[in-house]
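The chains referred to below are lettered A, B, ... by the order of the sequence lines, with proteins before strands, and numbering in each begins at 1. Values in this document were obtained by computation on a predicted structure and should not be read as measured data.
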2 protein chains.
Amino acid sequence: MCCGLATTPVTSLDAARLAPMFKALGDPVRLQMASMIAARPELCVCELTPAFELSSGTISHHLKTLREAGLVECERRGTFVFYWINPEALQALSALLSVEA
Amino acid sequence: MCCGLATTPVTSLDAARLAPMFKALGDPVRLQMASMIAARPELCVCELTPAFELSSGTISHHLKTLREAGLVECERRGTFVFYWINPEALQALSALLSVEA
DNA sequence: CCACTGCTTTGATAAATGTCAAGATAGGCC
DNA sequence: GGCCTATCTTGACATTTATCAAAGCAGTGG
């Protein structure tokens, strides 16, 4: 890996683009959500909701944050909505953090 | 890499521990700061300050946020204060994001 | 068409955040 | 000791955020 945060400082432009993704992961609830979604090919909201002691409105709000950050995508199938992770987004962040080598 | 966000979902405990680090990187100013610090063995605040159009108080505040998240450490040497990155912290985050394999 | 379920949106509220100006500290130097 | 510079801390303010309750929308099935 050649271009981590440790080798070349990110430009203010890159920072503006990438910071929202980190920000989206910067809430414990959303980090856990993202993790649950990433651990499977896709995950139904109906499986996500009971994992947290939060109103469904709040769950939906957090999912929207993850979506708008580009970290996940979703699709409605019948009554249910399924979410999956966007691997490119994770990779972009991971590459940035690669300390060296 | 065996234990990324994509393989085993993080526990709520891990989420609580790691989210603040992501959160600290979730501001464009702080992300760029962290990047500048990581690009060198250490960096003087006096080099950091003129890179942003922000008051020195605000710079100091952001550095405190990075410090409290465990992402950087610092030491005073004479009049100047030097910051350096905490590689373990970056690695912890990077490992979590490793999409697979 | 009506009721029900799953999910999202809206409105409201308390708490957290980013910023600056101004004051406080610490160290170097006369 | 007294001044100057570098950094941090404090107080204030506007903005953003996390949350809930309630209302809205989309599909399913009677």
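- For the pair A/K23 NZ and C/dA16 C1', the interatomic distance rounds to 11 Å; values are reported in whole Å.
- Minimum heavy-atom separation, A/V10 to B/L31: CG2-O, 4.3 Å.
- Side-chain contact check for B/L48 versus B/Y83: every heavy-atom pair is 4.5 Å or farther apart.
- Considering only side-chain atoms of A/V81, the nucleotide from C/dT17, C/dT8, C/dG18 that sits closest is C/dT8.
- Protein atom CZ of A/R30 is 12 Å distant from nucleotide atom C1' of D/dT19, rounded to whole Å.
- B/W84 and A/L96 fall into different hydrophobic clusters, where Ile, Leu, Val, Met, Phe, Trp and Tyr side chains are chained together by heavy-atom contacts under 4.5 Å.
- Within residues 72-79 of chain A, the residues having any heavy atom under 4.0 Å from DNA chain C are, by residue number, A/R76, A/T79.
- One N or O on the side chain of A/R76 and one on the backbone of A/G78 form a donor-acceptor pair closer than 3.5 Å.
- When side chains are defined from C-beta on, A/M33 does not count as touching A/L43, because their heavy atoms never get closer than 4.5 Å.
- Rounded to a whole Å, the NE2 atom of B/H61 is 17 Å from the P atom of D/dA12.
- B/L71 has its side chain out of reach of B/N86: every pair of non-hydrogen atoms, C-beta onward, lies at least 4.5 Å apart.
- Protein atom CZ of A/F82 is 19 Å distant from nucleotide atom P of D/dA26, rounded to whole Å.
- Heavy-atom distances under 4.0 Å link DNA chain D to B/V45, B/C46, B/S56, B/G57, B/S60 of residues 45-60 of chain B, given in residue order.
- Atom CG in A/D27 sits about 13 Å away from atom P in C/dA16, given to the nearest Å.
- Considering only the side chain of A/H62, D/dA18 comes nearest among C/dA16, C/dG18, D/dA18.
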